[in-house]
Amino acid sequence: MSKQRVLTPQDEDFPAWYQDILNKAELADNGPVRGTMVIRPYGFALWERMQAAVNQRIVDAGAENAYFPLFIPQSYLNRESEHVEGFSPELAVITMGGGRELAEPVIVRPTSETIINAYMSKWIQSYRDLPFLINQWANVVRWEMRPRIFLRTTEFLWQEGHTAHVSRQEAREYAAKILHEVYQDFMESVLGIPVLIGYKTASERFPGAINSMSLEAMMRDAKALQMGTSHELGQGFATMFNTTYLDAEGNQEYVWQTSWGVSSRMVGGLIMAHGDDLGMVVPPRLAPIQVVVIAVRDDGAVVEACHSLANEMVAVGLRVKVDDKTGTGFGRRCTNWELKGVPIRIEIGPRDLEQQQTTLITRMTGEKQTVSLAAAPQHLVTLLEDIQDNMLAAAISWRDSKIVDVVNLAEAREASQVGFARIAWEMLGTQGEVALAEDAVTVRCLQRADGSLPEDIDEPNLLAICAKSY
RNA sequence: CGGGCUGUGGCGCAGUUUGGUCAGCGCACCUGCUUUGGGAGCAGGGGGUCGCCGGUUCAAAUCCGGCCAGCCCGACCA
């Protein structure tokens, strides 16, 4: 009964560590078609909780949910030239249906700007219909060369918001609002993952957008992960789909649009941003299970005490699971809950019961403490809040320790191998961006020196965040 | 699409060079007993047309030919 290695250590082989977690924490499996994934119940529970928190914020931002078809006429994509050029290499195209060749091939949506525009143009008539704010939760398909579960799969789950506004200014502000009030707030306050925000460079921009904003997080191997994007689409789609409205002066005008999304990739980000060599570490606000109560041994009184304590905890609003599967060894069960990253583990054994107490272990720190059964529920409520705050604080300080300010290309190249390099965009420039690409380093985003979002990409004195990424 | 590699129970692999008690190991799974405060021990057990097709041979996981699939490295991506 000694402690043995469960996962490949992160230092030894980070991708292997990630794979091990997917399997051992029962998060997901590969699907039979390359690039597809099966999301298992625990992995899906994480996603569902993300959905609920993001959806609430989207609704608060004024957008309404709707649903558009999975199949899009090929001709729709062809209307916006940059859009179709950007996506055509990764499209799944259906040419057969009902046993016959189709007159016009059908695209499996890689994103829905086109089909949503087709309907916006129908529904929007007057400036009184604006802003038009809509969102859908859906699956999309982008044929991927190098898939990795959650991070880059051929089919993935996401939310895509699409809006139409009377002015460029209003559209820009709304895209920024989503970035800050929906995405950044969700990621930092629920996921406990700090993000750097900024504009994508022209080469990293969404196909068809005039500007793309992104949220970039640092994983435990110091690589970057784009956690979400919010785009300013300008009037390109509106022009091609004739999405117009009549303004107060009686003029026919094109709308200004945005689109924005976060995906099941965030599950991968959660794993890689907080995980350690024992498994996942899930922040309390997200955790499907916040507390697991483990019956140490098969003893009627012990099991009963576990359930009774669990009931009290549920009564104060906690999400609790009782593990009374005493047929499985104690150590094994502890390990399994650690792998799943449950924030707090409570052990109740005969010795605890004699003292009317319980042993409480915090997943994030491994810290053990003894708490009386009577005080446990209330104690847990505050402890979970502390853990949530501590996880974000720890992630921020760790990330900041891996960001290096540099002044030239050579330094940027070097620093990007072991963290994020921050360099004046005027210094780096598009040529520097191309040079960095040789080392698989990209400019993740452009931001102001204080980390805030610039007015636009041409604003002077911007900083480029450079890193290797997923 | 260019370069390197691999296909053997659910997973990870050995065996292939030197055809013949090689259908085997670890983990997982099932049964029983003992266990249970950090991945338990012992005993027993189930499960594989050795990627597919063809060829050589008395005999093929092993040799030959073809096909298929997958992995890793390079150009695109939430």
Side-chain angles (χ1 to χ4, degrees), chain A residues 1-8 15-16 19-20 22-24 29-30 32-35 85-91 109-112 138-148 150-161 183 200 203-207 209 212-217 224-231 259-269 278-279 294-299 302-303 323-339 345-355 357-359 361 366 368 370 437-440 442 469-470:
Chain A
M1 289 188 208
S2 62
K3 201 145 186 165
Q4 37 180 288
R5 174 166 147 169
V6 178
L7 299 171
T8 305
Q19 282 298 335
D20 285 350
L22 294 177
N23 292 328
K24 300 208 170 178
D29 260 333
N30 281 308
V33 173
R34 178 177 157 78
E85 272 176 42
F87 279 107
S88 57
E90 44 186 332
L91 294 180
R109 66 176 163 225
T111 180
S112 304
N139 58 337
V140 285
V141 169
R142 299 177 185 179
W143 216 262
E144 289 293 346
M145 302 301 204
R146 305 195 48 193
R148 296 189 65 183
F150 289 126
L151 301 173
R152 188 185 298 107
T153 47
T154 286
E155 178 191 6
F156 59 95
L157 305 181
W158 77 345
Q159 145 287 303
E160 52 179 320
Y183 297 156
K200 284 295 186 187
S203 64
E204 298 278 327
R205 193 180 286 154
F206 176 79
S212 288
M213 300 167 226
S214 79
L215 305 100
E216 303 284 334
L225 181 73
Q226 181 175 311
M227 294 281 285
T229 49
S230 186
H231 313 290
S259 71
W260 27 275
V262 291
S263 73
S264 42
R265 167 182 277 187
M266 290 194 296
V267 179
L278 298 179
I294 301 193
V296 173
R297 51 166 67 220
D298 188 9
D299 171 305
V302 165
V303 173
D323 178 352
D324 56 4
K325 291 191 167 49
T326 50
T328 302
F330 175 76
R332 164 69 66 134
R333 291 184 288 143
C334 289
T335 306
N336 285 343
W337 293 115
E338 272 168 358
L339 281 164
R345 185 170 81 246
I346 281 191
E347 303 172 358
I348 300 182
R351 296 208 292 272
D352 292 309
L353 212 50
E354 274 175 34
Q355 308 291 319
Q357 66 184 29
T358 172
T359 307
I361 299 92
K368 264 191 194 190
T370 301
E438 291 168 16
D439 294 339
T442 48
S469 72
Y470 281 94

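A, B, ... follow the sequence lines: proteins, then strands. Residue 1 opens every chain. Side chains included, hydrogens not; waters and symmetry mates left out as well; all remaining heavy atoms used.
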Taking the minimum atom-to-atom distance to the side chain of A/Ile361, which one of B/G37, B/G38, B/A78 wins? B/G38
Look through every strand shown and name the nucleotide pairing with B/C29 as Watson-Crick or G-U wobble, where both distances are under 3.5 Å. B/G45
Given atom NZ of A/Lys325 and atom C1' of B/G38, what is their separation to the nearest angstrom? 19 Å
Answer with base, sugar-phosphate or nothing: what part of the nucleic acid does A/Thr154 contact at a heavy-atom distance below 4.0 Å? nothing
Would you tabulate the nitrogen or oxygen pairs shorter than 3.5 Å linking the protein to nucleotides 26-29 of chain B?
| residue | atom | partner | partner atom | Å |
| --- | --- | --- | --- | --- |
| B/A28 | OP1 | A/Arg332 | NH2 | 3.2 |

Please check this pair: side chain of A/Glu216 against backbone of A/Ser469, looking for a donor-acceptor N/O pair closer than 3.5 Å. no
Whole angstroms only, please: what is the CG-P distance between A/Asp298 and B/A40? 16 Å
With P as the reference atom in both, quote the distance from B/G10 to B/G2 in angstrom, rounded to an integer. 33 Å
In whole angstrom, give me the gap between the C1' atoms of B/A43 and B/U35. 15 Å
Watson-Crick/G-U partner (both atom distances under 3.5 Å) of B/C68: B/G7
Taking only the P atom of each, what is the distance from B/A78 to B/G37 in whole angstrom? 49 Å
Any idea which of B/G39, B/A78, B/G38 is nearest the A/Lys24 side chain? B/G39
Just by distance, with hydrogens left out, do A/Gln226 and A/Ser214 show a side-chain donor and acceptor under 3.5 Å apart? no
Of the listed nucleotides B/A78, B/G37, B/G38, the one nearest the side chain of A/Arg142: B/A78
Ion pair A/Glu347/A/Arg345, N-O distance below 4.0 Å: yes
What's the verdict on side-chain hydrogen bond (donor to acceptor under 3.5 Å, both in side chains) for A/His231 and A/Ser259, showing C-alpha distance, side-chain angles and the deciding distance? CA-CA 5 Å; A/His231 313 290; A/Ser259 71; 4.7 Å; no
Polar pairs (N or O, both sides) under 3.5 Å between protein and nucleotides 70-76 of chain B?
| residue | atom | partner | partner atom | Å |
| --- | --- | --- | --- | --- |
| B/C71 | OP1 | A/Arg34 | NH1 | 2.6 |
| B/C71 | OP2 | A/Arg34 | NH1 | 2.1 |
| B/C73 | OP1 | A/Arg146 | NH2 | 3.4 |
| B/C73 | OP2 | A/Arg146 | NH2 | 2.1 |
| B/G74 | OP2 | A/Arg146 | NH1 | 3.3 |

Scan A/Asp352 against the nucleic acid and name what it touches under 4.0 Å (heavy atoms): base, sugar-phosphate only, or nothing. base
For the atom pair OG1 (A/Thr326) and CG (A/Asp298), what is the distance rounded to the nearest 0.5 Å? 3.5 Å
With sugar-phosphate meaning primed atoms plus P, OP1 and OP2, does A/Ser264 contact a base, only sugar-phosphate, or nothing at under 4.0 Å between heavy atoms? nothing
Whole-Å distance between B/U36 C1' and A/Ile294 CD1? 12 Å
Who is the Watson-Crick or G-U wobble partner of B/C76, with both distances under 3.5 Å? none
Select one nucleotide: of B/U36, B/G39, B/A78, the one nearest the side-chain heavy atoms of A/Arg297. B/U36
Is it true that the side chains of A/Asp352 and A/Thr358 contain a donor and an acceptor less than 3.5 Å apart? no
Rounded to whole Å, CH2 of A/Trp337 lies from P of B/G37 at a distance of 18 Å
Quick test of the criterion, 5.5 Å between centres and less than 30° between planes. Is A/Phe330 stacked on B/G37 or not? no
Taking only the side-chain heavy atoms of A/Arg265 (C-beta and beyond), determine which of B/A78, B/G37, B/G38 contains the nearest atom. B/A78
Under 3.5 Å, is there a donor-acceptor pair between the side chain of A/Arg152 and the main chain of A/Pro147? no
How long is the span from the CZ atom in A/Arg333 to the CG atom in A/Asp323, to the nearest 0.5 Å? 4.5 Å
To the nearest 0.5 Å, tell me how far A/Glu204 CD sits from A/Thr442 OG1. 5.0 Å
Of the nucleotides B/G37, B/G38, B/A78, which has the atom closest to the A/Arg351 side chain? B/G37
Quick one: look up who B/U35 pairs with, Watson-Crick or G-U, both distances under 3.5 Å, and put none if it's unpaired. none
Quick one: does any side-chain atom of A/Ser230 pair with a main-chain N or O of A/Met213 as donor and acceptor, under 3.5 Å? no
With rounding to whole Å, what would you report as the distance between B/A75 and B/G39 at their C1' atoms? 44 Å
Indicate yes or no for a side-chain donor-acceptor contact from A/Thr370 to the backbone of A/Thr359 under 3.5 Å, with no hydrogens or angles considered. no
Is the distance from the ring center of A/Phe150 to that of A/Tyr470 below 6.0 Å? no
Using the C1' atoms only, state how far B/A14 lies from B/U56, rounded to an integer number of Å. 27 Å
In whole Å, what separates the P atom of B/A23 from that of B/G32? 32 Å
Say we look at B/G7 and B/C67: how far apart would their C1' atoms be, to the nearest angstrom? 14 Å
Check the distance between B/G39's C1' and A/Asn23's CG and give it to me in whole angstrom. 16 Å
More 5' along RNA chain B: A/Ser203 or A/Thr328, using each one's nearest nucleotide? A/Thr328
Taking atom P in both B/C52 and B/G70, compute the distance separating them and give it to the nearest angstrom. 16 Å
Sort out the partner of B/C63 for me: Watson-Crick or G-U wobble, both distances under 3.5 Å, none otherwise. B/G55
Reckon A/Gly349 touches a base, only the sugar-phosphate, or nothing at all at heavy-atom distances under 4.0 Å? base
